[in-house]
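Below you'll find the structure, written out as structure tokens, and then a few comments.
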Amino acid sequence: MEMDQLVSLCKRRGFLFQSSEIYGGLNGFWDYGPLGVELKRNVKEAWWKDMVTSHDDLDAPAGAPSSFEMTGLDCTIIMHPQVWKCSGHYDLFHDHMIDCRQTNKRYRYDQVRGRWVEAKGQRIFVATMVETQDEAEDLQRRALKHFKLRAKDAEQLSWDGDVTSLTTVEDTSVVLGPDATELGSLTEPREFNLMFKTIVGAMGTEEDAAFLRPETAQGIFVNFKNVLDSTRVKIPFGIAQVGKSFRNEITPRNFTFRSREFEQMEIEFFCHPEQSPAWYKYWRDRRFQWYVDLGLAGERLQLRDHDPDELSHYSTGTADIEYQFPFLPAGEFGELEGVAHRGDFDLRSHMEGKLDPNTCPLTVEVDEHGQPRHRGSGRDLSYRDDESGEKYVPHVIEPSAGADRATLAFLCEAYTEDQAPDEKGKLQTRTVMKLHPRLAPIKAAVFPLVKKDGMPEIARDLYRALKQHFPTFYDEKGAVGRRYRRQDEAGTPYCITIDGDTLSDKTVTIRDRDTLEQWRVKLDDVEGELSGRLK
RNA sequence: GCGGGUGUAGCUCAAUGGUAGAGCCAUAGCCUUCCAAGCUAAAGACGAGGGUUCGAUUCCCUUCACCCGCUCCA
């Protein structure tokens with residue numbers, strides 16, 4: 001399937017529009033149309049129902065270490081700025097980037113390393129981005145090339161000091177960029193604000209700056225104690241939240257995959273440290289299965305465990321649930337959801353102050369005066385087990401899913417073209433969205449076969465009755481074949497047709513979107529028949 | 001942010017320095033007893049801004065958006 005075909009169908013049928021389209025659009029923002037809003041709502045409602053409201057907290061589900069409770073939360077998009085300082089987003093999201101004018105490559109300022117070297121009376125800083133083990137070789141090779149020296153003349157290079165960060169270099173005109181052959185091709189570092197900044201208060205100044213949340217998770221952490229104190233929940237338990245988040249992506253691209261305004265479905269699951277590895281495994285497998293059950297069953301979906309060197313060292317495991325989107329290069333997958341073991345990093349950061357993720361054991365990051373770089377709340381966010389008397393900071397398993405990405409994956413997976421015979425028996429290409437019935441925006445369409453002989457009256461009554469139970473569409477215009485095809489493109493799983501026989505025996509046909517099969521059902525049994533099939 | 005490409009009707013495409021045609025869809029009507037039939041009618045577009053010109057959809061500049069590559073992906 002070509003991505004443009006899906007994009008075109010999404011616009012044509014009202015799944016997705018570009019934001020502010022009449023003004024030329026806005027990069028990284030997308031609107032859901034009449035069909036899209038139903039689809040995305042169904043994705044979110046399926047998640048909420050499966051994870052929260054229908055959860056059985058009395059018995060341990062299959063694969064779970066024990067029974068557990070689930071509860072929900074809906075917190076604000078704008079929070080106290082200190083939340084983002086302690087979470088690490090403030091520092092991390094203020095990356096400085098440098099560009100290379102010669103090669104047009106871009107680097108994260110703090111990731112570029114290099115070493116001072118002098119030869120032939122010139123002192124330069126050779127920068128590199130290669131892996132640490134190949135660093136020395138790359139530096140020497142490029143230094144020799146710059147000074148037009150042969151390998152056997154390597155002793156003419158006078159190295160000064162160890163490999164160090166580019167951030168220690170003040171004069172960029174003597175820097176040889178990581179991929180450059182000319183000196184001074186790097187720009188000055190430029191700041192990229194990956195969090196959306198806003199002002200709280202009508203007279204707001206820079207001191208009133210706040211941020212739109214880049215993830216919903218922090219709202220759960222900062223409400224951890226409130227939930228504990230108000231609900232009688234006991235560990236292990238999870239708090240779920242669905243909501244908008246905002247990230248000023250440098251390059252929004254690939255339809256809705258990387259949007260600047262997007263919606264997340266996140267769970268923070270709190271458990272005893274000793275049990276956390278078992279819970280991590282449970283959530284990782286369960287979340288993967290959720291996508292499988294909703295139709296992403298093929299080889300295009302995968303569960304990928306992060307390599308140890310991809311992990312934050314305080315995490316004992318992270319897995320991505322990934323989908324092979326059609327816009328990605330062959331063999332590449334895009335992330336739908338990350339399931340992360342986060343240890344006690346988050347709760348402790350909000351207690352003690354921002355932790356330095358590079359320390360082990362974790363300690364609070366300090367500034368040049370030895371004070372916490374970002375001070376925590378000072379509140380005790382530890383948990384006391386009333387039965388054992390044990391007090392500890394819970395560990396956290398975080399299944400964090402993208403609602404828009406999941407919706408997009410379901411759309412991609414559903415898009416199908418097959419051959420169906422037309423009126424004359426000739427094969428025609430049929431475009432059909434094979435969405436899971438739980439996700440389909442419209443569950444059923446009701447047609448009178450022809451617009452006469454009392455068929456519309458019966459059809460309208462059935463339409464009104466079905467509409468009380470699930471989204472139903474009514475259409476009496478034109479040829480019935482055309483009406484079927486229209487519903488195929490919208491992903492409607494069932495079409496009910498009132499025909500001549502209905503008038504005499506009170507039965508109708510139900511037509512299956514995927515198989516094109518039809519069978520007759522008593523008029524009074526239609527609702528029950530469909531409800532059973534829509535689960 | 002850089003380099004390349006693309007923007008004409010809801011969709012897919014034409015043509016043109018003298019204000020644009022078609023197919024499909026959608027709308028109304030006729031006809032139709034199960035998979036995009038047919039007939040009739042009406043409707044609908046040069047991404048935005050500026051410049052050159054008597055006149056710009058066409059040439060030039062700027063901008064916005066989309067696609068590809070680089071970069072980024074917390």
Side-chain angles (χ1 to χ4, degrees), chain A residues 2-5 7-14 17-30 33 84 87-95 97-108 111 129 178-179 187 190 192 194-195 214-215 217 245 247-255 257-258 312 320 327 329 334-335 338 340 357 400 402 405 418-432 447-453 455 477-489 495-503 508-513 516-518 520:
Chain A
E2 292 298 323
M3 202 57 202
D4 341 352
Q5 294 176 275
V7 174
S8 170
L9 181 142
C10 282
K11 179 174 181 187
R12 181 157 36 90
R13 300 312 308 260
F17 307 125
Q18 198 172 10
S19 169
S20 319
E21 196 190 79
I22 61 168
Y23 286 107
L26 190 60
N27 196 356
F29 296 89
W30 298 89
W84 307 111
S87 72
H89 290 87
Y90 181 83
D91 293 337
L92 206 59
F93 275 33
H94 283 70
D95 286 344
M97 308 290 291
I98 48 170
D99 291 317
C100 178
R101 298 189 194 91
Q102 184 194 346
T103 63
N104 289 321
K105 285 181 181 288
R106 167 172 291 173
Y107 313 97
R108 253 178 66 181
Q111 285 183 349
M129 287 291 286
D179 298 282
T187 62
R190 288 183 286 193
F192 286 81
L194 264 41
M195 280 197 292
E215 63 171 33
S245 292
R247 295 179 190 178
N248 235 334
E249 300 287 353
I250 297 170
T251 312
R253 203 168 281 193
N254 291 331
F255 208 19
F257 183 77
R258 180 162 294 140
S312 317
D320 283 347
F327 47 75
E335 180 182 341
S400 168
R405 288 183 174 187
D418 63 15
Q419 303 285 315
D422 66 10
E423 200 173 50
K424 295 165 185 154
K426 208 170 103 189
L427 282 180
Q428 300 278 349
T429 298
R430 181 179 78 121
T431 302
V432 48
F447 308 145
L449 184 57
V450 289
K451 203 168 63 176
K452 61 181 185 186
D453 299 340
M455 293 181 205
K477 296 285 179 61
V480 74
R482 182 184 300 266
R483 286 177 266 164
Y484 285 140
R485 297 297 174 86
R486 268 197 287 256
Q487 293 307 312
D488 289 339
E489 277 196 350
C495 293
I496 299 111
T497 301
I498 281 73
D499 61 14
D501 293 348
T502 312
L503 306 171
V508 298
T509 62
I510 300 181
R511 176 253 199 193
D512 183 281
R513 175 195 68 197
L516 301 179
E517 281 170 16
Q518 287 185 300
R520 296 201 78 88

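A:Ser8 contributes no side-chain N or O that forms a donor-acceptor pair with the base of B:C11 under 3.5 Å. The base of B:G10 lies outside donor-acceptor range of the side chain of A:Arg13, with no N or O pair under 3.5 Å. Side-chain atoms of A:Arg511 come within donor-acceptor range of the base of B:C35, with a qualifying N/O pair under 3.5 Å. The base of B:C34 sits with one of its N or O atoms less than 3.5 Å from a complementary donor or acceptor on the side chain of A:Tyr484.
Using atom C1' as the reference point in both B:G29 and B:C46, the two lie 32 Å apart (nearest Å). Taking atom C1' on both B:G3 and B:A9, the two are 33 Å apart, rounded to the nearest angstrom. Taking atom C1' in both B:U57 and B:G49, one finds a spacing of 15 Å when rounded to whole Å. Rounded to a whole angstrom, the distance from the P atom of B:U16 to that of B:C68 is 30 Å. Rounded to the nearest Å, the gap between the C1' atom of B:U8 and that of B:A65 is 16 Å. For the P atom pair drawn from B:C61 and B:G4, the interatomic distance equals 13 Å after rounding to whole Å. Between B:A45 and B:G21, the two P atoms lie 13 Å apart (nearest whole Å). Between B:U27 and B:A20, the two C1' atoms lie 23 Å apart (nearest whole Å).
Distance from the side chain of A:Lys452 is smallest for B:U32 among the nucleotides B:C68, B:U32, B:C34. Residue A:Arg253 places its side chain closer to B:C67 than to any other of B:C67, B:A36, B:C66. Here the side chain of A:Met455 is nearest to one of B:A36, B:C34, B:U33, namely B:U33. Counting only heavy atoms from C-beta on, A:Gln18 has its side chain closest to B:A65 among B:A65, B:C11, B:A36.
Using a 4.5 Å heavy-atom threshold, the side chains of A:Arg12 and A:Glu489 count as touching.
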Assess whether side-chain contact (heavy atoms from CB on, under 4.5 Å) is satisfied between A:Glu215 and A:His89, documenting all intermediate values. CA-CA 10 Å; A:Glu215 63 171 33; A:His89 290 87; 3.5 Å; yes

Stepwise, does the side-chain contact (heavy atoms from CB on, under 4.5 Å) test hold for A:Arg483 with A:Lys477? CA-CA 8 Å; A:Arg483 286 177 266 164; A:Lys477 296 285 179 61; 5.6 Å; no

Go through A:Glu21 and A:Trp30 one step at a time and tell me if the side-chain contact (heavy atoms from CB on, under 4.5 Å) criterion holds. CA-CA 9 Å; A:Glu21 196 190 79; A:Trp30 298 89; over 6 Å; no

The test is side-chain contact (heavy atoms from CB on, under 4.5 Å); show your working for A:Met455 and A:Thr502 and say whether it passes. CA-CA 8 Å; A:Met455 293 181 205; A:Thr502 312; over 6 Å; no

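Pair assignment for B:C2: B:G69, on the basis of Watson-Crick or G-U wobble contacts that are both within less than 3.5 Å. B:A15 makes up no base pair with any nucleotide shown, lacking Watson-Crick or G-U wobble contacts both under 3.5 Å. In this structure B:A41 sits in a base pair with B:U27, meeting the Watson-Crick or G-U test at under 3.5 Å. B:G55 is unpaired under the Watson-Crick or G-U wobble criterion, no partner having all donor-acceptor distances under 3.5 Å.
Along RNA chain B, the nucleotide nearest A:Pro214 and the nucleotide nearest A:Asp453 are compared for position; the residue whose nucleotide lies closer to the 5' end is A:Asp453. The residue among A:His89 and A:Ile22 whose nearest nucleotide of RNA chain B is located toward the 5' end is A:Ile22.
Atom C1' of nucleotide B:A45 and atom CD of A:Glu21 are separated by 13 Å, given to the nearest angstrom. Atom CG of A:Asp179 and atom P of B:U71 are 9 Å apart (whole Å). Atom CG of A:Asp499 and atom C1' of B:C35 are 14 Å apart (whole Å). Here B:C67 presents its P atom at 9 Å from CZ of A:Phe255, a figure rounded to the nearest Å. The CZ-C1' distance, from A:Arg513 to B:A36, rounds to 18 Å in whole Å. Whole-Å rounding puts the A:Tyr23 OH to B:G47 P distance at 18 Å. In this structure, the CG atom of A:Leu9 is 15 Å from the P atom of B:C25, given to the nearest Å. The distance between atom NZ of A:Lys11 and atom C1' of B:C66, rounded to the nearest whole Å, is 11 Å.
Among the protein residues, A:Glu517 comes within range of no part of the nucleic acid, since none of its heavy atoms lies under 4.0 Å from any strand. The residue A:Glu249 sits close to a base: some heavy atom pair falls under 4.0 Å.
Considering only side-chain N and O atoms, A:Lys477 lies under 4.0 angstrom from the phosphate OP1 or OP2 of B:A28. Between A:Arg12 and B:C11 there is no side-chain N or O to OP1 or OP2 distance below 4.0 Å. Side-chain nitrogen and oxygen atoms of A:Asn27 include none within less than 4.0 Å of the OP1 or OP2 phosphate oxygen of B:C64. Taking only side-chain nitrogens and oxygens, A:Lys451 never comes nearer than 4.0 Å to OP1 or OP2 of B:U32.
Proximity of a side-chain donor or acceptor of A:Arg405 to a complementary backbone N or O of A:Phe257 within less than 3.5 Å is detected. A distance-only check finds no donor-acceptor pair linking the side chain of A:Arg513 to the backbone of A:Val432 [under 3.5 Å].
Taking OG from A:Ser20 and CG from A:Asn27, the interatomic distance works out to 11.5 Å, rounded to the nearest 0.5 Å.
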